Protein chains: 2
Amino acid sequence: MNQDVFIESKPLREKIADIIRTDIIKGVYRNGERLVEPKLAKNLGISRTPIREALRQLEGEGFIEIVPRRGAVVKELTIKDIDDLYAIKANLEGLAARQATLNLTGEQIEILIGINKKFRDYAEKNPGIPDEHHKDNIDFHNVFIAASGNEKLVDILDGMSKNFQRLKSMLMSDAGRAANAVKEHKKIIDAFISKDPDLAEKTVREHIISGWEYLKQRINSNA
Amino acid sequence: MNQDVFIESKPLREKIADIIRTDIIKGVYRNGERLVEPKLAKNLGISRTPIREALRQLEGEGFIEIVPRRGAVVKELTIKDIDDLYAIKANLEGLAARQATLNLTGEQIEILIGINKKFRDYAEKNPGIPDEHHKDNIDFHNVFIAASGNEKLVDILDGMSKNFQRLKSMLMSDAGRAANAVKEHKKIIDAFISKDPDLAEKTVREHIISGWEYLKQRINSNA
DNA sequence: ACACAGTATACAGTATACAATAAACCGAAT
DNA sequence: ATTCGGTTTATTGTATACTGTATACTGTGT
């Protein structure tokens with residue numbers, strides 16, 4: 001249980017937050033499970049203080065809930081929650097695309113095209129192994145999110161992405177979805193090329209919603 | 001300096017966070033000013049631990065910046081920052097309006113109409129005193145934000161509103177703007193009545209952007 | 001057998017003490 | 001006079017100790 005706590009030089013509380021967050025994402029702790037400070041402190045071999053600060057941070061990120069005098073519990077992530085989060089994500093990434101449209105250089109658009117090509121090739125050859133195109137997908141989105149020039153937006157979306165990682169176990173996007181994603185990415189690129197902010201926003205928004213609809217359908221059929 | 005610390009039964013750290021946040025909003029601390037833990041602890045008559053936790057929370061809310069081994073400083077809020085924040089706010093409230101459109105009951109729409117009427121009457125009579133219509137304005141927005149049914153969205157917008165309070169000193173919206181706001185609110189209500197999500201989103205978004213444009217112009221002309 | 005009260009215990013909330021580090025200051029050497 | 005290096009000091013990071021409260025448990029009375 002005693003994981004490598006002393007990794008780098010960033011504050012202990014950050015490392016602890018990372019460890020606990022990862023454990024929540026990996027499902028080490030179940031929904032509603034109590035995170036008891038002395039217990040965590042003992043397991044990680046440190047004192048309670050950094051634990052407490054890490055827990056506050058995780059509360060802010062929405063992973064746990066802290067009840068006064070009762071302590072921290074892992075927050076459940078319901079389908080409704082994810083629905084709500086995806087609606088926000090779709091809108092905000094749409095905004096990012098809108099703001100990025102006028103900023104994107106030809107070079108950056110070339111990068112987008114390149115990523116999407118790689119994405120397509122990989123998905124065709126390795127339909128079963130999603131990890132690699134998953135990363136490409138994230139890269140693709142990050143390009144125009146960064147190009148929006150809106151730092152607050154980048155921060156918010158970055159924070160949200162941690163939450164979506166909690167779904168990663170279910171996120172086994174198969175080739176069918178990947179093929180769609182490639183098509184939708186192409187539409188997005190076209191919107192960027194034609195410098196049409198409205199269209200860029202619309203296509204990105206629809207792309208994200210469509211990804212979630214697909215995923216939700218799979219979750220429901222598995223349940 | 002020693003304000004009323006012992007107000008209610010919520011954890012000290014919350015009360016401390018409230019106090020410091022209010023002070024930042026009120027401008028007691030200047031941009032870039034260091035918030036030294038022992039000093040705060042002494043002034044508030046408590047130990048450092050709750051102070052530290054309050055500071056972490058305020059960092060998450062974007063009011064301060066904590067540099068490792070250097071401590072906390074009040075984060076500057078530049079025009080660019082506010083620009084970015086307003087773009088996000090406009091987008092998210094637009095989303096709220098969209099989602100609210102199908103949920104809003106006739107009764108709730110009546111409430112919106114009522115608030116806007118009160119807003120109009122008050123603005124006509126008391127053009128100089130903005131506090132009251134400011135509150136009405138917030139109420140108006142909160143109605144459809146809550147009606148969106150998207151709790152995460154409510155949380156995010158609530159958190160952002162604290163940041164916008166930092167602008168409140170400049171937010172002396174005069175009658176000219178209030179008259180415009182009334183008109184725009186009416187458009188929003190009409191969109192709700194006609195159950196048109198796209199239009200609701202669009203009108204709300206434009207309403208917020210327009211408010212910010214007006215405010216920004218005033219800030220620039222004052223500077 | 002059940003309900004209630006009293007007690008014990010486990011835990012979060014808070015305070016304080018100690019260690020580590022970075023910035024400021026001072027002095028010496030060039 | 002200026003720069004480099006060492007020393008001091010201010011301040012954060014971490015650990016531990018103490019306090020108050022909520023919950024669980026146990027026993028007693030009905």
Side-chain angles (χ1 to χ4, degrees), chain A residues 1-21 23-24 29-75, chain B residues 1-21 23-24 28-61 63-75:
Chain A
M1 191 63 79
N2 203 327
Q3 309 187 30
D4 259 13
V5 181
F6 310 97
I7 317 165
E8 285 184 23
S9 62
K10 57 178 175 178
L12 246 188
R13 103 188 84 92
E14 300 259 8
K15 300 185 220 164
I16 300 300
D18 288 346
I19 292 174
I20 299 177
R21 190 192 305 107
D23 281 350
I24 292 177
Y29 305 114
R30 274 173 302 185
N31 284 339
E33 184 165 345
R34 294 186 63 178
L35 298 176
V36 180
E37 294 173 8
K39 216 174 270 182
L40 288 168
K42 201 177 176 186
N43 287 341
L44 296 165
I46 57 166
S47 81
R48 269 179 60 207
T49 313
I51 303 272
R52 285 178 64 81
E53 300 190 341
L55 291 180
R56 306 279 163 234
Q57 191 176 322
L58 292 174
E59 185 190 28
E61 294 174 6
F63 285 97
I64 64 175
E65 196 161 5
I66 298 181
V67 187
R69 292 263 161 224
R70 291 291 320 269
V73 296
V74 177
K75 212 178 201 174
Chain B
M1 190 62 81
N2 202 328
Q3 309 186 28
D4 261 12
V5 182
F6 309 96
I7 316 164
E8 285 184 21
S9 61
K10 55 179 174 178
L12 247 187
R13 105 188 83 90
E14 299 261 7
K15 299 184 219 163
I16 300 299
D18 288 346
I19 291 174
I20 298 176
R21 190 190 307 107
D23 281 350
I24 293 177
V28 174
Y29 304 114
R30 274 174 302 185
N31 284 339
E33 184 165 344
R34 294 187 64 180
L35 297 176
V36 182
E37 294 173 8
K39 214 174 274 181
L40 288 168
K42 201 177 177 185
N43 286 341
L44 296 166
I46 56 166
S47 82
R48 268 180 58 210
T49 312
I51 302 273
R52 286 179 62 82
E53 301 191 340
L55 291 180
R56 306 281 165 232
Q57 190 178 323
L58 291 174
E59 185 190 27
E61 294 174 7
F63 285 96
I64 64 175
E65 197 161 6
I66 298 181
V67 188
R69 292 262 158 228
R70 292 289 321 269
V73 296
V74 177
K75 211 177 202 173

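Order of the sequence lines fixes the chain letters, A, B, ..., with proteins taken first and strands second; residue numbering starts at 1 for each chain. Source: prediction; values computed, not measured.
Within the 4.5 Å cutoff, no side-chain heavy atoms of A:Lys75 are placed close to those of A:Glu59. Counting heavy atoms from C-beta outward, A:Ile64 and A:Leu35 have side chains that approach closer than 4.5 Å. In this structure, A:Ile20 and A:Leu55 have side chains that are in contact, with non-hydrogen atoms separated by less than 4.5 Å.
The distance from atom CZ of B:Arg56 to atom C1' of D:dG13 is 9 Å, rounded to the nearest whole Å. Between the CD atom of A:Glu14 and the C1' atom of D:dT14 there is a distance of 15 Å, rounded to whole Å. Atom CZ in A:Arg13 sits roughly 8 Å away from atom C1' in D:dG13 (whole-Å rounding). In this structure, the CD1 atom of A:Ile46 is 12 Å from the C1' atom of D:dG13, given to the nearest Å. Between the P atom of D:dT12 and the CD atom of B:Glu53 lies a distance of 15 Å, rounded to the nearest Å. As rounded to whole Å, 15 Å separates atom P of D:dG13 from atom CD1 of A:Ile16. Rounded to an integer number of Å, the gap from NZ of A:Lys15 to C1' of D:dG13 is 11 Å.
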Expected list for residues 65-72 of chain A: side-chain donor-acceptor pairs under 3.5 angstrom, two or more places apart:
none

Would you list the protein and nucleotides 8-10 of chain D atom pairs, both N or O, that sit under 3.5 Å from each other?
none

Could you run down the sub-3.5 Å N/O contacts of the protein with nucleotides 21-24 of chain D?
| from | atom 1 | to | atom 2 | distance (Å) |
| --- | --- | --- | --- | --- |
| D:dT23 | OP1 | A:Arg70 | NH1 | 3.4 |

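In this structure, B:Leu55 reaches neither bases nor backbone, as no heavy-atom distance under 4.0 Å exists between it and the strands shown.
For the salt bridge (charged side-chain N to carboxylate O under 4.0 Å, His left out) test, residues two or more places apart in sequence or in another chain that qualify with B:Arg52 are A:Glu53, B:Glu37. The salt bridge (charged side-chain N to carboxylate O under 4.0 Å, His left out) check on A:Arg34 picks up nothing, with sequence neighbours excluded. In terms of the side-chain hydrogen bond (donor to acceptor under 3.5 Å, both in side chains) criterion, residue partners of A:Arg21 (sequence neighbours excluded) are, by chain and number, A:Asp18, A:Glu61. Residues satisfying the side-chain hydrogen bond (donor to acceptor under 3.5 Å, both in side chains) criterion with B:Asn31, sequence neighbours excluded, are B:Arg166.
Here the closest heavy-atom approach between residue A:Ile16 and residue A:Ala54 is recorded as CG2-CB, 3.7 Å. Contact detail for B:Ala17 and B:Leu58: the closest heavy-atom pair is O-CD2, 3.8 Å.
Protein chain B contacts DNA chain C from C:dG13 to C:dA23, reading 5' to 3' and using non-hydrogen atoms of the protein with a distance under 4.0 Å.
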